[in-house]
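As a basis for the values below, the full set of heavy atoms in this structure was taken, side chains included, without hydrogen atoms, waters or symmetry mates. Here is how names work: the chains are called A, B, and so on, in the same order as the sequence lines, proteins then strands, and each is numbered from 1.
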Amino acid sequence: MQEHDLSFVRAQMVAEQAPPLRERGLVRWLRKNLFANITDTIFTLIGLFIIFSIVPPVLNWAFFNAQWFGTDRTFCATVVQGGMQPEGWSGACWAFVRAKFLQFMVGRYPVDERWRVYLTGLIFVALLVPMLMPRVPRKGLNAILLFLVFPIVGFFLLSGGYFGLREVPTPLWGGLTVTLVLAYVGIAVSLPFGIVLALGRRSQMPVVKLICIIFIETMRGVPLITILFMASVMLPLFLPPGTTFDKLLRALIGVALFASAYMAEVIRGGLQAIPKGQYEGADALGLSYWQKTNLIVLPQAIKLVIPGIVNTFIGLFKDTSLVYIIGMFDLLGAVRLNFADANWASAQTPITGLVFAGFIFWLFCFGMSRYSIFMERRLDTGHKR
Amino acid sequence: MKKLITALLGSAVAIAAAPASAATLDDVKSKGYVQCGVSTGLAGFSAPDDSGDWTGLDVDYCRAVAAAIFDDPDAVRFTALTAKERFTALQSGEVDILSRNTTWTISRDTALGLNFAGVTYYDGQGFMINAKKLQGINSALQLSGAAVCVQSGTTTELNLADYFKANNMEYNPVVFEKLEEVNAAYDSGRCDVYTTDQSGLYAIRLTLANPDDHVVLPEIISKEPLGPVVRHGDDQWFDIAKWVYFAMLNAEEYGITQDNLDEMLKSDNPNISRMLGTEEGSKLAADLGLEEDWVVRIIRHVGNYGEIFERNVGAESPLKINRGINALWTKGGIQYGPPIR
């Protein structure tokens with residue numbers, strides 16, 4: 001006879017249960033990340049308070065209360081300010097940006113010639129995009145087109161005076177066009193020139209080395225604003241009267257030389273990071289100086305300093321707005337120039353214009369930064385940490 | 001030290017200027033346009049409109065010069081110049097004429113080798129206060145101890161210091177470099193008083209949140225006669241620069257406007273027919289180096305002084321500045337055009 005065993009032994013497995021509420025899903029995430037202990041909780045609450053006190057007013061200003069359409073300042077001013085908005089209204093004056101948008105993009109370029117700017121931009125994008133995509137073949141040809149052919153084509157298209165194109169003097173250029181021209185020339189010149197200067201500075205030849213050091217240290221020792229100022233104010237005094245050469249060209253040369261000096265130092269950092277064994281190995285293989293540099297040293301050095309190079313590019317891109325002080329109107333300059341238009345003067349105009357300019361700058365700089373991260377990952381061969 | 005630099009700059013400018021005295025009019029005619037230096041944006045004086053064309057009082061003066069020479073107000077190219085660049089640009093021949101709200105002073109007229117062609121706008125530094133905050137103040141002499149917003153690196157800052165010192169008053173300067181920053185600081189109440197040229201105060205009122213709370217005080221603490229400038233050494237060009245402006249003043253005095261120009265051309269008034277070049281055998285225009293109908297061209301394309309004033313800074317513009325001392329001498333102002341005869 002079998003007696004019942006009174007001790008409790010479970011015969012079946014208990015069905016799996018969901019974890020307790022506080023250990024799963026959103027609650028767990030909140031508890032772990034936002035309210036794990038008292039300090040976290042306090043900071044979370046402070047953070048939430050800040051977010052809720054900043055974000056809704058910003059959204060209200062930028063979107064919900066914003067004035068999107070209009071033809072003059074009355075659309076962006078309250079009744080007391082001589083406009084049509086209700087008392088206490090505050091919102092972005094996007095109507096101002098709409099009215100001036102093309103001016104912000106191409107400056108005072110003559111209206112019926114603006115297709116030339118658009119065409120130049122289109123060619124640039126058509127050459128740049130395949131250049132940036134690693135999958136697309138024929139990088140050599142692409143580079144030649146982008147860095148040798150495009151500047152010439154772009155120059156003739158933009159400035160005209162040949163092939164039946166009307167001449168458009170550079171004071172009429174402006175807006176984003178000038179920003180991009182300055183940045184493109186600065187970047188396209190500074191990278192090769194910077195490499196040469198960096199190699200020169202590490203050269204065994206005393207004269208070359210001295211010249212490179214003097215150039216780099218002089219350029220790095222002077223603010224860009226001074227270089228631009230020298231180029232625009234002092235240079236005409238040294239030249240024979242009547243020989244004025246273009247203000248944009250002067251600024252371009254100034255910016256390019258300045259960026260080259262910085263680039264040279266960034267690349268020198270990369271060159272110094274290459275172990276001596278690499279140089280000796282190349283020597284042992286019987287490679288010449290240029291073979292050694294091109295095949296062994298530079299590919300490794302440049303890969304190492306991509307963040308530094310892009311940093312310099314982004315800095316250069318933003319520095320271009322300094323040309324405002326020599327009376328040239330890049331994107332920021334064009335925006336600020338239009339603050340002087342009494343037809344649009346209102347309490348909201350300046351802030352709207354500056355937010356717009358800031359957004360465009362951010363777009364470009366953020367794009368450059370993301371691309372550099374992508375490039376770093378792609379080129380990261382074997383030193384993963 | 002500052003004096004030394006000024007002297008050095010001045011002499012450098014003078015040296016550079018010396019050979020650039022060839023006939024500017026011939027140069028201008030051969031290149032087909034007038035190169036005009038304007039400011040990098042000043043409401044009512046030089047600012048771009050929605051299509052990007054320059055407009056303003058200073059701009060219209062240059063258009064008048066172009067109209068007088070070429071019968072085309074668009075035969076002019078504008079160079080935007082900062083305050084620091086403007087004189088070099090004129091001396092080095094980069095611009096033919098500088099119409100950039102430039103104050104006429106003796107040192108500029110002599111040491112810098114410039115000639116001022118007249119005063120297109122009599123300006124002066126003034127004060128604007130927030131009347132809600134500072135109640136009961138109706139004179140700048142009551143401003144002792146006030147926080148004053150001012151743009152740095154301008155003569156405005158110096159005039160301000162002089163004025164308060166001369167009147168034994170204390171003040172706290174709140175200095176910014178950029179105009180927008182000064183405006184924002186004043187509007188948000190960081191300072192009680194805003195000082196700049198009066199024409200600027202009117203422009204700034206447009207950007208304030210509650211413009212009715214602010215009043216411009218009656219005191220003018222500096223003289224700022226603004227006018228177009230040419231280089232030393234070319235008297236013919238100087239004459240043209242002067243008389244284009246005087247012609248606009250005279251046209252207003254005799255009531256010649258863009259609208260009634262065609263009737264005026266038939267006028268028997270000898271003053272008018274002499275001015276408009278309809279008088280027989282007149283050598284006035286030829287002596288100036290221009291065509292017979294130079295005044296007609298100016299009026300047709302640009303208008304008389306009153307018209308460009310009202311259009312750009314006066315009642316027809318958002319600035320709504322009163323004529324004040326810029327009215328004609330016949331109407332209580334001090335704008336006075338010498339006779340054309």
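- At a heavy-atom separation below 4.5 angstrom, chain A is approached by B:D49, B:D50, B:S51, B:G52, B:W54 within residues 49-57 of chain B.
- Heavy-atom pairs under 4.5 Å with chain B were tallied for A:T74, A:I326, A:T78; the largest tally goes to A:I326.
- Of the N and O atoms on the side chains of B:Q35 and B:T79, at least one donor lies less than 3.5 Å from an acceptor on the other residue.
- At a cut-off of 3.5 Å, with distance as the only test, a side-chain donor of B:H214 or B:Y186 sits close to an acceptor on the other residue.
- Between the B:R108 side chain and the B:T103 main chain, a donor and an acceptor come within less than 3.5 Å of each other.
- Between chain B and the options A:G82, A:C76, A:A345, heavy-atom pairs under 4.5 Å are most frequent for A:A345.
- Within the 4.5 angstrom heavy-atom criterion, no atom of A:S90 approaches chain B.
- Looking at B:T40, both its backbone and its side chain come within 4.5 Å of chain A, counting heavy atoms on both sides.
- Both the backbone and the side chain of A:Q81 come within contact range of chain B, judged by heavy atoms closer than 4.5 Å.
- Side-chain contact of A:N338 with A:Q103: a donor-acceptor pair under 3.5 Å is present, judged by distance alone.
- Contact of B:R205 with chain A is not made at all, since no heavy-atom distance falls under 4.5 Å.
- Under 3.5 Å, the side chains of B:T24 and B:D96 contain no donor-acceptor pair of N or O atoms.
- Of the residues listed (A:F361, A:F356, A:Y109), the one engaging A:F104 in a ring pair (Phe, Tyr, Trp, His ring centres under 6.0 Å) is A:F356, and it is the only one.
- The closest donor-acceptor contact from the side chain of A:D330 to the backbone of A:V323 lies at 3.5 Å or more, if one exists at all.
- Only the side chain of A:P169 comes within less than 4.5 Å of a heavy atom in chain B; its backbone stays farther off.
- Defined by atom type and a distance below 3.5 Å, a donor-acceptor pair is missing between the side-chain atoms of B:S46 and B:D58.
- Proximity to chain B (any heavy atom under 4.5 Å) is shown, for A:Q348, by neither the backbone nor the side chain.
- Proximity to chain B is absent for every atom of A:R98, based on heavy atoms less than 4.5 angstrom apart.
- Most heavy-atom pairs under 4.5 Å with chain A: of the set B:T82, B:I204, B:N183, this distinction falls to B:T82.
- With a 4.5 angstrom heavy-atom cutoff, A:F101 does not touch chain B via any of its atoms.
- Looking at A:T179, its side chain never comes within 3.5 Å of a backbone N or O of A:T320 through a donor-acceptor pair.
- For B:T196 and B:T156, the side-chain atoms include no donor-acceptor pair closer than 3.5 Å.
- In this structure, the portion of A:I325 lying under 4.5 Å from any heavy atom of chain B is its backbone and not its side chain.
- A side-chain donor from one of A:T349 and A:S346 sits under 3.5 Å from a side-chain acceptor of the other.
- Within the 4.5 angstrom heavy-atom criterion, only side-chain atoms of A:F229, from C-beta onward, approach chain B.
- Between the B:N210 side chain and the B:D213 main chain, no donor and acceptor come within less than 3.5 Å of each other.
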